[in-house]
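Every value quoted in this text rests on a predicted model; they were computed, and no experiment measured them. Quick note on labels: first sequence line is chain A, next is B, and so on, each numbered from 1.
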There are 2 protein chains.
Amino acid sequence: MKLEILTRNEHKELHNLIIANIRDLINRKNLEPGDKLPSERMLSERFEVSRSNVREAIQKLEFYGILKSKPQSGTFVADIGQVAMNGMMNDILALEDPDFKSLVETRILLELKTVKLAAKRRTDSDLERMKAALEAYKVKVLNNEDAVQEDLLFHLAIAQACGNSTINRMMLIITPEIINNFEKYHVCDKNQSQKRLKEHQDIFKAIKEQNTQKAKQMMKDHFVELYKYCYNI
Amino acid sequence: MKLEILTRNEHKELHNLIIANIRDLINRKNLEPGDKLPSERMLSERFEVSRSNVREAIQKLEFYGILKSKPQSGTFVADIGQVAMNGMMNDILALEDPDFKSLVETRILLELKTVKLAAKRRTDSDLERMKAALEAYKVKVLNNEDAVQEDLLFHLAIAQACGNSTINRMMLIITPEIINNFEKYHVCDKNQSQKRLKEHQDIFKAIKEQNTQKAKQMMKDHFVELYKYCYNI
DNA sequence: TAAACCAATCTGGTTAACCAATTTTTTATT
DNA sequence: AATAAAAAATTGGTTAACCAGATTGGTTTA
C-alpha cells in the first residue's frame, strides 16, 4: 500500500469519514448499547484505512462517550442507545470550527456563572490561589508589561473555585482558543490595563465577601468592552 | 523492556505523569511560545515510557490547545505563553471526574442559553430538524416506551439551532454523561412523560415564534424536576 | 559577501509484527 | 449429558522498524 502523509485538514476529513463509516455499520448491523463492534483490524480492512487511523477515530468517539474500548476484549457501543448515538454522530460530523464570536459568547455565559458560584462556594485555599493569580497579574500591569496570560489565569482560578468540575473543564477547553484570538485581534489594550486591574480586584473582593450579585455585576462590567468588540466584528 | 498492560485508571495516571514531566521540562528549559519541544523519541527515552504513550499525552495537550504538532517538523508550545501553560497544565492535572450535580448544573446553564439563542437565530431548516426530533419523541411517548434518547436528541437539536458552535460542542460533550446518569439514577419517570411531551412542544412553539423570553421560561419549567432532584442528592 | 543548492539528519506519522489478557472452542472427565 | 479443564483464536495495546516531508549545515556559485 502506498504511504501518504496527510495535512491537518485531510486528517480531520479522514477521521470524519471513518466515523461516518462506523455509524453506518452500527446502523446496518443494528448494534444496540453494549454490543461489540468489529475489531480494529477488521474495521481498518473494511474501510481501507490504517488501523491507527481507526484507533484515533475510536478515541475521538470515546471522548464524546459514544464508544468504550476494553483492553483485550473489544470496543463497545456505550449505553446511550442507537438513536442518540446516531443523532450525536451526525452532530459531531456537522461540527464546524469555532469562530471568535461563538467563543466570546460562550466565555461570557460560563464566567457569569463561575463568578457567582465561586462567590458562593469559594474555600480559603481557593481564595489564596486567586489572590496569588491576582498578584501576578498586578505585577505585570504595574510594570506596563503584557499580561494576557495572567489575566486569563485569574479567570481560570475563579473557575477552579466555582466547585463545578464540568464548567471548569469547559473553561479549560476554550481558554487557549480565547488567548489565541486575543493575540490575533489585539483585543487587549495596554492603555486600559489599569482599569482592568481595578475590575479584577473588585471581582476578587466581591468573591471574598461572598457577595454573589456584586461579583456577577463586576464581571459583567469587566466584559462590557469585549461585548462591544464581539458585536462589531 | 517488560511489556505491561494497564487498566484504564493506570493509563490516566501514566498520562498525567507524562504531562507533569512535560510541564517540568518546559519550565526547566524555559521554553517560550512557539519553541520546539524535544522529539517524541527523546521524550519517551527521558521519561522512560513508550513513544505511543508520549504521543497520547501530547494529543491530549493538543486538545486543550497547549501544544501543536507539525508533521515532519516537531511539537511546539502554543502561543499562549509560559505562565498560562503552567497554570492550565496544573489545572488539567487537578481535574477530577464530573459528578452528576456538576453535570446537571452545567446542562441547565447551557440550555437556558441555547434555547434563547435558538429562538432568536433558528433558520427554517433548524426548525425542520427540531420538528423531526420532536415527532420521534412524541411517537415513543404515545406508545409508552422509554424515550430518554429522543428526549436528549431534541435538546441537541435546539443546541444545533443556537448558532454557537462552541456551546453546541459542549452540549455534545456532556450529553452522553447525562444519559448515563439518567439511566443510572432512573431520573426519568414514565408517569410524567405526557407532561414532558407537552413541555417539549411548548418549547418548540416558542422557538418557532421566536419568543425568546417564553422559550427560556418554558425550558426553565421543564428543568424544575431535575433541579429538585439535583439538590436532593 | 550572500544567495542558491544539495545531501545528511531529524521529525511526526505510518505500518506491521508482537504481547498478554480475554473470549471462544475443543477436549477430557465425571 | 453436564461440567471442568485446557487449548486455540481473537482482542486492544505496545513496540520497533520504516516513510516521506522538513530542517539544517556546509559547500558551491554568482
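- Atoms CZ (A/R55) and C1' (C/dT14) sit 13 Å apart, rounded to a whole Å.
- Between C/dT15 and A/R51, no contact under 4.0 Å exists linking OP1 or OP2 to a side-chain N or O.
- Close to C/dG12, at under 4.0 Å from its OP1 or OP2, lies no side-chain N or O of B/S69.
- The A/Q72 side chain lies nearest to C/dT22 when the options are C/dT15, C/dT22, D/dG21.
- One interatomic measurement links the two molecules: CZ of A/F76 to C1' of D/dG12, which rounds to 10 Å at whole-angstrom precision.
- C/dT14 atom P lies 10 Å from atom CD of B/Q59, rounded to whole Å.
- Going from atom CG of A/N53 over to atom C1' of C/dA16 covers 14 Å, rounded to whole Å.
- Across the protein-nucleic acid pair, B/I58 atom CD1 and C/dG13 atom C1' stand 12 Å apart, rounded to whole Å.
- Surrounding NZ of A/K138 are at most 12 heavy atoms belonging to other residues, nucleotides or ligands under 6.0 Å away.
- Distance B/K70 NZ to C/dG13 P: 12 Å, rounded to the nearest Å.
- Rounded to whole angstrom, the span from the CD atom of A/E62 across to the C1' atom of D/dG12 amounts to 10 Å.
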Task: From CA spacing to verdict: side chain to side chain donor-acceptor pair (under 3.5 Å), B/N21, B/R46 - done: CA-CA 9 Å; B/N21 271 320; B/R46 182 163 196 160; over 6 Å; no
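- Rounding to the nearest 0.5 Å gives a distance of 11.5 Å between CZ of A/F76 and CD of A/E62.
- Between B/T75 and C/dG12 there is a side-chain N or O to OP1 or OP2 distance below 4.0 Å.
- By the 6.0 Å contact criterion, CD on A/Q59 is enclosed, its count of non-hydrogen atoms from other residues, nucleotides or ligands being greater than 12.
- Taking atom CG on B/L14 and atom P on D/dG13, their separation rounds to 13 Å, with Å as the unit.
- Within residues 35-43 of chain A, the residues approaching DNA chain D are A/S39, A/E40, A/R41, by heavy-atom distance under 4.0 Å.
- Remark: the backbone N or O of A/N164 is not paired with any side-chain donor or acceptor of A/N168 at under 3.5 angstrom.
- One distance of note links CD1 of A/I174 with CD1 of A/I179; it measures 10.5 Å at 0.5 Å rounding.
- For the side chain to side chain donor-acceptor pair (under 3.5 Å) with A/N86, the lone residue among A/D24, A/N27, A/D91 that qualifies is A/N27.
- Closest contact between the side chain of B/S52 and the listed nucleotides D/dT15, C/dT14, D/dG12 involves D/dT15.
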